[in-house]
Protein chains: 2
Amino acid sequence: MTETAVGNTVVESAAAQSKSQQAYAAVKARIVEGAYTPGYRLVLAKIAEDLGFSVVPVREAIRRLEAEGLVKFERNVGATVAGIDPTEYLYTMQTLSIVEGAATALSAPLIDSVSIARARAVNEEMRECLEHFDPVRFTALNQDFHSVLFEHCPNPHILDLVHRGWNRLASLRSSTFRFVPGRAQESVREHEALLQLIEGAADADTIEKTARQHRAATLDAYLAQAKQ
Amino acid sequence: MTETAVGNTVVESAAAQSKSQQAYAAVKARIVEGAYTPGYRLVLAKIAEDLGFSVVPVREAIRRLEAEGLVKFERNVGATVAGIDPTEYLYTMQTLSIVEGAATALSAPLIDSVSIARARAVNEEMRECLEHFDPVRFTALNQDFHSVLFEHCPNPHILDLVHRGWNRLASLRSSTFRFVPGRAQESVREHEALLQLIEGAADADTIEKTARQHRAATLDAYLAQAKQ
DNA sequence: AAGTACGAAATCGTATACGATAACTATGGA
DNA sequence: TCCATAGTTATCGTATACGATTTCGTACTT
């Protein structure tokens with residue numbers, strides 16, 4: 001399953017694929033890009049008509065998306081874009097903190113100075129986004145930043161888990177889980193700290209813990225805000 | 001998606017499900033239990049006939065299994081039970097070490113003395129298996145042991161990742177990745193050490209690292225053997 | 001004897017059709 | 001006016017049918 005990063009969303013290459021795969025990619029893209037928001041009702045016949053396909057491949061695609069947690073499918077009722085309640089959000093973020101931490105630690109020894117420079121440039125752009133208050137682009141760049149670090153990740157399984165988490169979170173872009181400005185500035189600082197650890201060839205444990213904490217802090221910021 | 005542990009395999013409850021779900025469970029069970037070994041050719045029409053279903057739900061089931069990595073599907077060629085080469089094995093074990101470590105650490109504070117006692121009993125049985133040389137039962141009990149520890153895991157996403165890894169490994173029961181006797185004895189000792197850490201309310205970091213190393217050591221034992 | 005090309009069989013990929021189930025609406029009674 | 005019930009509609013669930021692609025076997029040529 002080859003995957004390529006296009007912008008901030010992770011989609012599969014779409015050349016010479018079966019219709020079920022095309023449908024999968026199409027619906028997934030709409031969810032991740034925010035065209036279909038949580039709660040949106042995915043009527044098989046309607047999607048099939050839109051794409052020019054029959055219902056069978058569409059159905060198959062929806063089922064795959066269900067397996068990834070992007071879609072909720074009820075028997076004889078239908079499919080809707082999966083919402084994500086605070087509990088699900090917590091599960092997803094917690095899992096992401098673990099797999100991102102591991103991915104970062106595994107990738108760190110393989111990152112060359114060119115990649116470091118690219119990551120630093122992305123982070124600099126993120127800093128600028130904060131000044132213009134552009135949360136959407138900030139989020140996209142945040143994924144780009146980490147994508148650069150994960151470019152040479154030696155374990156594709158772990159990388160896949162990271163992407164799944166990202167897609168899951170992406171579906172709520174315009175949802176209730178808001179961008180916390182204070183946290184964003186901290187995030188940029190943490191990125192720089194992480195880069196310095198990698199440059200300095202810090203031990204894997206330290207890098208893993210730092211990367212994990214980076215994600216965990218965002219979760220904590222949300223929880224603190226939710227409490228109020 | 002409710003899951004129940006039956007013996008050493010993790011299957012979904014099969015009451016009042018759609019045929020595609022039944023087919024999914026049936027084929028998955030056959031793979032996990034070893035009835036279908038890696039390389040086995042899964043002909044849609046044949047499976048459909050065996051189960052008394054039509055091909056469409058079977059096809060859907062196979063696709064889900066493909067998404068979980070248990071089945072390999074080639075366009076216009078067919079589906080086969082996914083083999084697992086040494087590289088895949090490494091990826092799977094590495095990922096498992098990470099998610100099992102996390103699951104253990106998250107569960108540890110919630111494990112009561114009753115569960116500890118049960119886990120210890122299972123471990124004792126494992127020790128006996130070593131004397132009678134019963135690798136199959138040993139493997140099953142090993143999953144039981146960890147299942148007890150994960151009973152109160154607060155994050156179902158992570159638990160799901162653990163189960164996926166187990167299923168992936170289960171499909172190779174009778175394959176080339178062999179049981180390493182020396183490693184098994186060590187494993188029993190590590191289980192006891194882990195239980196003592198949990199009883200002693202050791203800090204999460206220590207527990208996580210110990211649990212992770214427990215899995216990693218099995219991988220190392222395999223790699224050392226493979227090198228020869 | 002070996003290689004190539006052609007044809008037949010097997011299998012997947014998708015569309016269409018029909019049955020089953022649940023949600024919705026309207027109507028009648030309290 | 002509100003609630004219960006029956007009928008209608010929408011949507012999913014599955015089966016069957018047919019077209020597309022690949023693979024395998026056979027015959028022919030060199």
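Here the structure is a predicted model, which is why all the values come from computation and not from measurement. Numbers restart at 1 for each chain; the letters A, B, ... are given by sequence-line order, proteins then strands.
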Rounded to whole Å, the OH-P distance (A/Tyr24 to C/dG13) equals 17 Å
Between NZ of A/Lys19 and P of D/dT21 the distance, given in whole Å, is 11 Å
Side-chain contact check for A/Arg41: nearest option of D/dT11, D/dG13, D/dA15 is D/dT11
Do NZ/NE/NH1/NH2 and the carboxylate oxygens of A/Glu66 and A/Arg63 come within less than 4.0 Å?
yes
message = Please tell me if B/Arg59 has a side-chain N or O lying less than 4.0 Å from either OP1 or OP2 of C/dC12.
response = no
I'd like to know if B/Arg137 pairs up with B/Glu125 as an ion pair, taking the criterion as any Lys NZ or Arg NE/NH1/NH2 lying under 4.0 Å from an Asp or Glu carboxylate oxygen.
yes
From CD of A/Glu60 across to P of C/dT14 the rounded distance in Å is 8 Å
When every non-hydrogen atom of A/Arg168 is compared with those of A/Gly69, the smallest separation belongs to NH1-O, 2.8 Å
To the nearest angstrom, the CD1-C1' distance between A/Ile62 and D/dT11 comes to 13 Å
Whole-Å distance, B/Phe53 CZ to D/dT16 C1', equals 17 Å
Separation of C/dC12 atom P from B/Lys72 atom NZ, nearest Å, is 15 Å
A/Arg64 side chain to A/Tyr24 backbone, donor-acceptor under 3.5 Å = no
Closer than 4.0 Å, any side-chain N/O of A/Lys46 to the OP1 or OP2 of D/dA10?
no
For this session: Select base, sugar-phosphate, or nothing to describe what A/Leu42 touches, counting heavy atoms under 4.0 Å on all strands.
Result: sugar-phosphate
From the candidates D/dT23, C/dG13, D/dC12, the one with an atom nearest any side-chain atom of A/Leu44 is D/dC12
Measuring to OP1 and OP2 of C/dA22, would you say a side-chain N or O of A/Arg75 lies under 4.0 angstrom away?
no
From CD1 of A/Ile47 across to C1' of D/dC12 the rounded distance in Å is 13 Å
Note: for A/Asn76 and A/Ser54 on DNA chain C, the residue whose nearest nucleotide lies more 5' is A/Ser54
Rounded to whole Å, CZ of A/Phe73 lies from C1' of C/dA22 at a distance of 14 Å
Mind checking B/Val56 for me? I need base, sugar-phosphate or nothing, with any heavy atom below 4.0 Å counting as a touch. base
Taking D/dA15, C/dG13, D/dC12 as options, the one with an atom nearest any side-chain atom of A/Val43 is D/dC12
*Parallel, tilted or perpendicular, as decided by the 30° and 60° cut-offs, for the rings of B/Tyr36 and B/Tyr40*: parallel
